[in-house]
There are 2 protein chains.
Amino acid sequence: MVEILNAAVQAMADDGVAGMSLSDVARRVGMRPPSLYEYFPNKMAIYDAVFRIGFEELNSALRTAVADWVVDPLSAIRNGHPVYMQWCIEHPIHAQLMFWRPVPGYVPSPDAFAPSIENLLLVKKIIASAVELGQLEEGAASEEGFGLYTFIGSGLITQQLANDPQGGFPDGQYSRHTSAAVEMWISRYSPDRSL
Amino acid sequence: MVEILNAAVQAMADDGVAGMSLSDVARRVGMRPPSLYEYFPNKMAIYDAVFRIGFEELNSALRTAVADWVVDPLSAIRNGHPVYMQWCIEHPIHAQLMFWRPVPGYVPSPDAFAPSIENLLLVKKIIASAVELGQLEEGAASEEGFGLYTFIGSGLITQQLANDPQGGFPDGQYSRHTSAAVEMWISRYSPDRSL
DNA sequence: GTCTATACGTAGATAGAC
DNA sequence: GTCTATCTACGTATAGAC
């Protein structure tokens with residue numbers, strides 16, 4: 001089960017996310033293709049498992065990094081963002097599946113989508129909390145503020161994965177600007193911009 | 001030739017960029033698959049043509065929008081960015097091919113890459129010019145400044161295409177924040193931040 | 001649970017007639 | 001230039017033996 005998923009991710013790394021084939025996965029785990037159907041009902045179920053597990057692991061990494069967000073949400077944002085970036089850049093296959101739509105015909109199931117929504121809600125709560133504590137202006141918690149926050153994340157990941165896939169974190173040609181990107185967002189909604 | 005490319009883009013829209021098949025394209029133009037080989041040596045050449053033409057058209061739209069960048073580069077940035085966004089969101093298939101890597105095994109040829117580089121250079125020149133005229137601080141023309149500029153663009157496009165593909169420009173769930181995103185970047189490098 | 005055998009479809013590409 | 005015919009390969013998936 002776990003070995004099959006690991007092999008599938010490896011196969012996607014070699015042939016592209018959409019290029020993964022069951023024969024290839026079976027070969028990697030030392031099985032014949034039909035045996036895979038004991039573990040997954042069809043090919044899309046493998047994508048779905050990778051998608052769901054990706055968000056679960058990302059959420060887990062995030063929650064650890066922002067454990068004390070209740071007392072200092074702004075620091076949680078500063079700490080959490082690089083963790084988010086690092087996870088995505090170190091799991092480029094999961095990230096492609098989670099943030100792009102690279103596989104024709106694959107749509108995440110509601111079940112797989114749940115942790116993705118959980119992820120969004122956590123970020124929203126942290127931002128709202130930073131506003132309540134006066135660490136950020138009200139605009140940060142608006143639709144615009146949240147939108148701008150997600151842009152810098154997805155933009156950074158997209159650029160790094162598409163244009164410098166070999167560069168990792170934190171030294172990649174794009175990922176090295178992670179902090180600068182968060183600070184740009186924070187300073188836009190900072191109540192003490194004159195300092 | 002042109003009809004074939006249009007049909008190919010339509011096919012990609014229906015079945016995913018990576019899911020386009022020559023049989024489908026041939027059917028759409030009323031031909032048999034072998035006839036396509038009179039126009040393109042293989043399937044990847046079709047992707048390459050779409051990639052190259054995409055950047056050519058985007059560059060053309062951009063150049064028109066920023067025609068007077070020499071006299072007022074900051075306004076050119078403000079005017080050019082929405083044009084860039086609009087073109088990408090109205091040409092989602094081209095944009096996916098240009099900014100993501102959705103097709104296993106397809107790598108843009110140097111020939112197709114040329115207009116992409118031209119695009120980057122134009123943006124860099126405009127930003128550098130804004131710095132020279134004192135419209136932006138020096139940091140805007142640094143690697144960081146340019147990196148942050150590209151993030152907000154690719155992030156916005158990525159979010160809009162992946163999560164709200166039906167929403168267009170300028171009313172899409174994400175694209176509606178185009179101006180706010182540029183202003184966030186501009187204000188970070190604005191010499192008169194106290195105003 | 002894993003296998004062999006196979007169904008069934010489709011893909012990209014080429015040969016060669018017209 | 002466009003076609004028919006075909007090659008070769010691979011894909012997902014299922015039936016049924018062990």
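Nothing here was measured: the structure is a model prediction, and the numbers come from that model. Convention: sequence-line order gives letters A, B, ...; per-chain numbering from 1. What you see below is based on every heavy atom in this structure, not just the backbone, and it leaves out hydrogens, waters and symmetry mates.
- Within 6.0 Å of CZ in B:Arg27 there are more than 12 heavy atoms belonging to other residues, nucleotides or ligands.
- Rounded to whole Å, atom P of D:dC7 lies 20 Å from atom CG of B:Leu22.
- B:Pro33 comes within contact range of no nucleotide atom at all, as no heavy-atom separation falls under 4.0 Å.
- Residue A:Met44 is out of contact with every strand shown, counting any heavy-atom pair closer than 4.0 Å.
- In terms of phosphate contacts, A:Ser23 brings no side-chain nitrogen or oxygen within less than 4.0 Å of OP1 or OP2 of D:dC10.
- For B:Pro34, counting side-chain heavy atoms from C-beta on, the closest listed nucleotide (C:dA13, C:dT14, D:dT2) is C:dT14.
- Atom CZ of B:Arg32 and atom P of D:dT2 are 13 Å apart (whole Å).
- Closest approach of B:Leu74 to B:Leu136, counting heavy atoms only: CD1-CD2, 3.9 Å.
- Side chain of B:Glu38, nearest nucleotide from C:dG12, C:dC3, D:dT2: D:dT2.
- Checking A:Pro41 against A:Gly19, the closest nucleotide of DNA chain D that is more toward the 5' end is the one next to A:Gly19.
- Whole-Å rounding puts the A:Leu36 CG to C:dT2 C1' distance at 11 Å.
- Within the nucleic acid shown, B:Phe40 has no heavy atom closer than 4.0 Å to any nucleic acid atom.
- At least one side-chain nitrogen or oxygen of B:Tyr39 sits closer than 4.0 Å to the OP1 or OP2 atom of D:dT2.
- Proximity of A:Ser21 to the phosphate of D:dG11: a side-chain N or O atom is located under 4.0 Å from OP1 or OP2.
- The 5' end of DNA chain D is approached more closely, in terms of each residue's nearest nucleotide, by B:Gly30 than by the other of B:Gly30 and A:Tyr37.
- In this structure, OH of A:Tyr106 is placed 18 Å from C1' of D:dT12, rounded to the nearest angstrom.
- Straight-line distance from the CG atom of B:Asn42 to the P atom of C:dA11: 16 Å, rounded to whole Å.
- Between A:Lys43 atom NZ and D:dT14 atom C1' the separation is 17 Å, expressed in whole Å.
- The two atoms that bring A:Tyr174 and A:Leu156 nearest to each other are O-CD2, 3.6 Å, heavy atoms only.
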Problem - Residues B:Arg52, B:Asp48; criterion salt bridge (Lys or Arg N to Asp or Glu O under 4.0 Å); working and verdict - result: CA-CA 6 Å; B:Arg52 197 197 67 247; B:Asp48 222 38; over 6 Å; no
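- A straight line from CD1 of A:Ile46 to P of D:dA13 spans 9 Å, rounded to a whole angstrom.
- OP1 or OP2 of C:dC3 lies within a sub-4.0 Å distance of a side-chain N or O belonging to A:Ser35.
- Between A:Arg176 and A:Asp164 there is no salt bridge, since no side-chain nitrogen of the basic residue lies less than 4.0 Å from a carboxylate oxygen of the acidic one.
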